[in-house]
Protein chains: 2
Amino acid sequence: MTPSRGPGRRPGTPDTRGEVLTAARTSFADKGFERTTIRAVAASAGVAPAMVHHFFGSKEDLFLEALAAPFDPRVVLRPVVEGPPDELGLRLARTFVTIWEDESRREPLVALVRGAMTSEPVAAMLRDGFLRIIASVLGPAVAGPDPLLRLQLAISQGLGMELFRYVVKVEPLASTPPEELIQRLAPVLQHHLRG
Amino acid sequence: MTPSRGPGRRPGTPDTRGEVLTAARTSFADKGFERTTIRAVAASAGVAPAMVHHFFGSKEDLFLEALAAPFDPRVVLRPVVEGPPDELGLRLARTFVTIWEDESRREPLVALVRGAMTSEPVAAMLRDGFLRIIASVLGPAVAGPDPLLRLQLAISQGLGMELFRYVVKVEPLASTPPEELIQRLAPVLQHHLRG
DNA sequence: CGGCATATTAAACACATGGCCAATAAGTCA
DNA sequence: TGACTTATTGGCCATGTGTTTAATATGCCG
């Protein structure tokens, strides 16, 4: 077992804060907000629970920081908007799926979307933060009336798919290669956004 | 305040078990599994917390019973399968949205889908129970290769939309009339299932 | 009526949780 | 070196949780 050091600062300059954050990110993505305990996060990072409160104020603050910036939608979505409108769905599908295939970005995303299902504050984050920004960037590229509604339907398709894939883990969806998902998603997104 | 009766059986023949179940269903749909407390359910039903364990064994048993049978997919989906294949998407969209508009059936559905995001056992219920049955009924009506994948994509679109609508509550989706949702959903489902 | 099963309660139990505090060790800088 | 800041710990607290137990009141059946 670990020799269980007593109190006092550790020798060297370990990035304890970062390790706590990483452990938290994994746990939040894995078990959701409620079932993630500060004790478990601390244990997984190999430190005392009080460290979490030392570096971050509360569990909610930890959560916010763990979710912060899986990517900047404004940057990622720019190339999606700039391009031939009749391939908007394809570009969005490809960008979307690619991001979700990157594990380091998937974890905060799973944590965010899953958290939104459980906690109203997190739902508000998704609704008034993330979706709002996405709408402002992608909105102008949407054709026809009710652009917001169209956008939300498109995104709900994408998120629903990823939820099924990575949270519910239903087969064969969970094992389908990304490229095929892109091909299946593209026409649907295209129809929602410009049909 | 209520006169706070002491212990002992109540006069009359009140359906306490049913009231507890109803309260539980609402709370599970409203706050999810973790944030639903037995005490709150009991209070909402106007009885002592111990009643919950008297009638149902544990919190998990309560949850399972609260989720049981919002409807029988085999019955509901039969008319969807029987009909012109080029309107399969429309019939499925209409049936799907209609069920979700009925509050008494929506509650257990929200609880189920939301629970699947948090708890693996519930995810298994959704995956190996619900989706399995749906696949067995709807499967034969799907055209082309990978019928299961097609079905899962279609359902993920539907559930994603309802999650956005009733859990995240994002506008304007949350306030869009059902009939419009049906019209927007229909072609997408049709494409997934028979495109 | 008498006796048993059932409903119902208050109280308590064991435990986990988030948060906080005081003490201690290590680094930093004059 | 010495003063000060920062990291790190064990231990504590108040709270809330699911669950159990013993006691009590009501209904039901012979």
Side-chain angles (χ1 to χ4, degrees), chain A residues 1-24 27-28 30-66 111 115 118-122, chain B residues 1-25 27-28 30-66 111 115 118-119 121-122:
Chain A
M1 53 178 77
T2 8
S4 76
R5 346 178 359 102
R9 187 175 191 149
R10 284 182 184 169
T13 54
D15 181 23
T16 301
R17 195 194 141 96
E19 283 173 33
V20 170
L21 232 171
T22 301
S27 181
F28 279 135
D30 218 48
K31 325 196 179 208
F33 181 80
E34 325 278 350
R35 301 183 27 148
T36 290
T37 72
I38 290 192
R39 283 169 166 80
V41 169
S44 165
V47 296
M51 292 302 308
V52 178
H53 292 91
H54 177 62
F55 287 120
F56 318 85
S58 66
K59 188 182 176 182
E60 285 214 348
D61 292 336
L62 212 210
F63 189 69
L64 291 188
E65 200 138 346
T118 313
S119 146
E120 228 303 300
V122 181
Chain B
M1 54 177 78
T2 7
S4 76
R5 346 178 0 99
R9 188 175 189 147
R10 283 182 184 170
T13 55
D15 180 24
T16 300
R17 197 194 138 97
E19 282 174 33
V20 170
L21 232 172
T22 301
R25 216 171 257 137
S27 182
F28 280 134
D30 219 47
K31 325 194 180 206
F33 181 80
E34 326 278 350
R35 301 181 30 146
T36 289
T37 71
I38 290 194
R39 282 169 166 82
V41 169
S44 165
V47 296
M51 293 301 309
V52 178
H53 293 88
H54 178 62
F55 287 120
F56 317 85
S58 67
K59 188 184 178 183
E60 286 213 347
D61 292 337
L62 212 211
F63 188 67
L64 292 187
E65 200 138 345
T118 312
S119 146
V122 180

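Worth saying up front: this structure is predicted, and the values here are computed from it rather than measured. Just so it is clear: chains get the letters A, B, ... in the order the sequence lines come, proteins before strands, and each one is counted from 1.
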Asks: Can you list every side-chain hydrogen bond (donor to acceptor under 3.5 Å, both in side chains) pair that touches residues 14-24 of chain B, not counting sequence neighbours?
Replies: B/Arg17-B/Glu65

Asks: Taking the side chain as everything from C-beta on, heavy atoms only, tell me whether B/Leu62 gets closer than 4.5 Å to B/Phe28.
Replies: yes

Asks: Report yes if the side chains of A/Val47 and A/Arg10 come closer than 4.5 Å at any heavy-atom pair, otherwise no.
Replies: yes

Asks: Taking only nitrogen or oxygen atoms into account, show me every contact under 3.5 Å that the protein makes with nucleotides 22-26 of chain C, one pair per line with its distance.
Replies:
| residue | atom | partner | partner atom | Å |
| --- | --- | --- | --- | --- |
| C/dT24 | O2 | A/Gly8 | N | 3.4 |
| C/dA25 | N3 | A/Arg9 | N | 3.2 |
| C/dA26 | O4' | A/Arg9 | O | 3.3 |

Asks: Measure the CG-CZ distance between B/Leu64 and B/Phe56 for me, rounded to the nearest 0.5 Å.
Replies: 11.5 Å

Asks: Rounded to the nearest angstrom, tell me the gap between atom CE in A/Met51 and atom C1' in C/dG19.
Replies: 15 Å

Asks: Can you pull out every side-chain hydrogen bond (donor to acceptor under 3.5 Å, both in side chains) where at least one residue sits in residues 33-42 of chain B? Sequence neighbours excluded, please.
Replies: B/Ser27-B/Thr36

Asks: With sequence neighbours excluded, what pairs up with B/Ala50 under the side chain to side chain contact (heavy atoms under 4.5 Å, CB included) test?
Replies: none

Asks: Tell me which of B/Phe33 and A/Ala50 sits closer to the 5' end of DNA chain D, going by the nucleotide each one is nearest to.
Replies: A/Ala50

Asks: With under 30° as parallel and over 60° as perpendicular, where do the rings of B/Phe63 and B/Phe33 fit, or are they tilted in between?
Replies: perpendicular

Asks: Check B/Ala42 against B/Val52 and note the closest heavy-atom contact, atom names and distance.
Replies: CB-CG2, 4.3 Å

Asks: Quick check on contacts: within residues 34-42 of chain A, what sits under 4.0 Å from DNA chain C by heavy-atom distance?
Replies: A/Thr36, A/Thr37, A/Ile38, A/Arg39

Asks: At a heavy-atom distance below 4.0 Å, what parts of residues 14-24 of chain B sit against DNA chain D?
Replies: none

Asks: Could you check which residues of residues 52-60 of chain B get a heavy atom under 4.0 Å from DNA chain D? Sort them by number, please.
Replies: B/His53, B/Ser58, B/Lys59

Asks: What salt bridge (Lys or Arg N to Asp or Glu O under 4.0 Å) pairs are there with at least one residue in residues 48-61 of chain A, not counting sequence neighbours?
Replies: none

Asks: What residues form a side chain to side chain donor-acceptor pair (under 3.5 Å) with A/Glu120, not counting sequence neighbours?
Replies: A/Arg127

Asks: Closest approach of B/Pro14 and B/Pro11, non-hydrogen atoms and distance?
Replies: CD-O, 4.1 Å

